[in-house]
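Quick one: the structure is below, and I'll ask about it shortly.
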Amino acid sequence: MTSFRFFVYGEVKMEVSVTPLPHIFGCSRPSRRRTSPPKPYTEGALINLMKTAGKMVEDEADSEVLKEVEGIGTEATRASIIETIKKNGYIDIQKNIVHITEKGELLCDAIEGTLLASPAMTAKWESQLKKVGKGEATTAKFVENTKQFIQELLQAAPQKVAQLKIEAPVATQPTGLDTCPSCGKGNMMDRKTFLEWSEYRNGYKFFINKEIARKKLTEKQLTDLMAKGSTGVIKGFTSKAGKKFDAKLVISEGKISFKFK
């Protein structure tokens, strides 16, 4: 299985960089430009990324192999690979946008720097299979090399995992609430930046971000929202256009929404 790391960028920012001019000028000049966050990945974009994985490999030989076999997986398996990653909790998909989970980030950290983290692994295995097909290598040798590769990964894994900072989710019990305020099932789990219920991984997608519209919610506001289904008027929300506004938060049809009156 090949791992991909996805990033979510924040606000558009100004950045200053120094671009060296040719030596004949004997100077450097600062260039000022506006940067924008890249578009988030959709499932379709991931499938296309898997198909064109050769573009991410520096080695020309590996890149050619991936181009020839059309990247990672096949037309019939790419969607199921993504579904497996999703079912195991490494990514979450909301409104067709792919988000990496904390579990997914840990996996990326754990395999960083190994062949598992690069599409080159597929290229090298395909190259070996070609040699087997041409009679230049034996099936037994390919299987033996694969076993050795897996054994080395397993031996290195404990030390790698020990270096990771893993924080287990903390179960909390707000006043008057021990189940989901929307469906009445499960137990509340604190995931640092948001709250979710134990039924979330079973397909129930209700959760509450601790920061909404650039406004961090207080413990009382979170408790009111979960126990009563709404908060009092909260001041200081910021719209996407940068305008400040005040509103209540309410739980309606399994979602958090604003109430202005």
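Keep in mind that the numbers below use all heavy atoms, side chains included, and drop hydrogens, waters and symmetry copies.
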Checklist outcome for this item: The reported gap from CG in Asn145 to CD in Gln148 (rounded to nearest 0.5 angstrom) is 6.5 Å
Checklist entry - Quick one: does NZ or CZ of Lys103 land under 6.0 Å from the six-membered ring centre of Tyr90, within 45 degrees of the ring axis? => result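 Judged by the rule (NZ or CZ under 6.0 Å from the ring centre, within 45° of its axis), Lys103 counts as positioned above Tyr90.
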Next on the checklist: Checking Lys259 now: which residues fulfil side chain to side chain contact (heavy atoms under 4.5 Å, CB included) with it, not counting sequence neighbours?
Outcome noted: Lys248, Val250
Item to check | For Asp92 against Gln94, the heavy-atom pair lying closest together | outcome: OD2-NE2, 2.7 Å
Checklist entry - Applying the 4.5 Å side-chain criterion to the ILVMFWY set and letting contacts propagate, would Leu107 and Ile81 be lumped into a single cluster? => result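 Yes, it is one cluster - the side chains of Leu107 and Ile81 are joined through contacts under 4.5 Å.
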Item to check | Glu43 vs Leu46 side-chain heavy atoms within contact, under 4.5 Å | outcome: no
Item to check | Spatial distance of atom OG (Ser239) from atom CZ (Arg214) [nearest 0.5 Å] | outcome: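 CZ of Arg214 is found 7.0 Å from OG of Ser239.
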Item to check | Close side-chain approach of Thr238 and Lys243, heavy atoms under 4.5 Å | outcome: no
Item to check | Rounded distance [0.5 Å steps], CZ in Phe237 versus CD1 in Ile212 | outcome: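 Atom-to-atom, Phe237:CZ and Ile212:CD1 are 6.0 Å apart.
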Checklist entry - Please, which pairs that meet salt bridge (Lys or Arg N to Asp or Glu O under 4.0 Å) have at least one residue in residues 123-137, sequence neighbours excluded? => result Asp62-Lys124, Glu68-Lys130
Let me check something: any side-chain donor-acceptor pairs from residues 227-236 under 3.5 Å, sequence neighbours excluded? List them with distances.
{"unit_1": "Thr231", "atom_1": "OG1", "unit_2": "Leu249", "atom_2": "N", "d": "3.0"}

Checklist entry - If you round to the nearest 0.5 Å, how far is CD1 of Ile256 from CD1 of Ile208? => result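 These two atoms lie 4.5 Å from each other.
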Next on the checklist: Any heavy-atom pair between the side chains of Ile97 and Ile93 that's under 4.5 Å?
Outcome noted: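 Of all side-chain heavy-atom pairs linking Ile97 with Ile93, none is under 4.5 Å.
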Checklist entry - Distance from Gln128 atom CD to Thr146 atom OG1, nearest 0.5 Å? => result 8.5 Å
Item to check | Common cluster, Val69/Ile47, ILVMFWY with side-chain heavy-atom separation under 4.5 Å | outcome: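 No; tracing contacts between hydrophobic side chains, which count when under 4.5 Å, never links both residues.
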Checklist entry - Does CD in Glu211 sit with more than 12 non-hydrogen atoms of other residues, nucleotides or ligands closer than 6.0 Å? => result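 More than 12 heavy atoms, drawn from other residues, nucleotides or ligands, come within 6.0 Å of this atom.
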Checklist entry - Under a 4.5 Å side-chain heavy-atom rule over Ile, Leu, Val, Met, Phe, Trp and Tyr, are Met121 and Leu153 clustered together? => result yes
Checklist entry - Less than 4.5 Å apart, any side-chain heavy atom of Glu152 and any of Leu154? => result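 Not in contact.
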Next on the checklist: Quick check: do Ile82 and Ile91 have side-chain heavy atoms less than 4.5 Å from each other?
Outcome noted: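 Side-chain contact under 4.5 Å: yes.
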Checklist entry - Can you check side chain to side chain contact (heavy atoms under 4.5 Å, CB included) on Ile251 and Ser257, steps first, answer last? => result CA-CA 6 Å; Ile251 297 174; Ser257 58; over 6 Å; no
Item to check | Closest contact, heavy atoms only, Phe142 versus Trp125 | outcome: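 Closest pair (atom of Phe142, atom of Trp125, distance): CE1-O, 4.0 Å.
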Checklist entry - Run the salt bridge (charged side-chain N to carboxylate O under 4.0 Å, His left out) check on Lys141 and Glu144 step by step: do they pass? => result CA-CA 5 Å; Lys141 185 62 176 177; Glu144 182 61 31; over 6 Å; no
Next on the checklist: Side-chain heavy atoms nearer than 4.5 Å, only ILVMFWY residues, links allowed to pass through others: does that put Ile111 and Leu49 together?
Outcome noted: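 Hydrophobic grouping puts Ile111 with Leu49.
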Next on the checklist: In this structure, would Met50 and Leu66 fall into the same cluster of hydrophobic residues linked by side-chain contacts under 4.5 Å?
Outcome noted: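 No, no single cluster joins them.
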Next on the checklist: Side chains of Lys210 and Leu217, heavy atoms from C-beta outward: is any pair under 4.5 Å?
Outcome noted: no
Checklist entry - How many angstroms lie between atom NZ of Lys220 and atom CG of Leu225, to the nearest 0.5 angstrom? => result 11.5 Å
Checklist entry - Do the side chains of Thr42 and Val98 get nearer than 4.5 Å, heavy atoms only? => result no
Checklist entry - Is it true that Glu75 and Arg78 make a salt bridge, defined as a side-chain N closer than 4.0 Å to a carboxylate O? => result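 Arg78 and Glu75: salt-bridged.
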Item to check | Under 3.5 Å side-chain donor-acceptor pair for Ser80 and Thr77 | outcome: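 On atom types as modelled, these side chains do not qualify, holding no pair under 3.5 Å.
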Next on the checklist: Between Lys67 and Glu64, does any side-chain N to carboxylate O distance fall below 4.0 Å?
Outcome noted: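 Not counted as a salt bridge, because no side-chain N and carboxylate O are separated by less than 4.0 Å.
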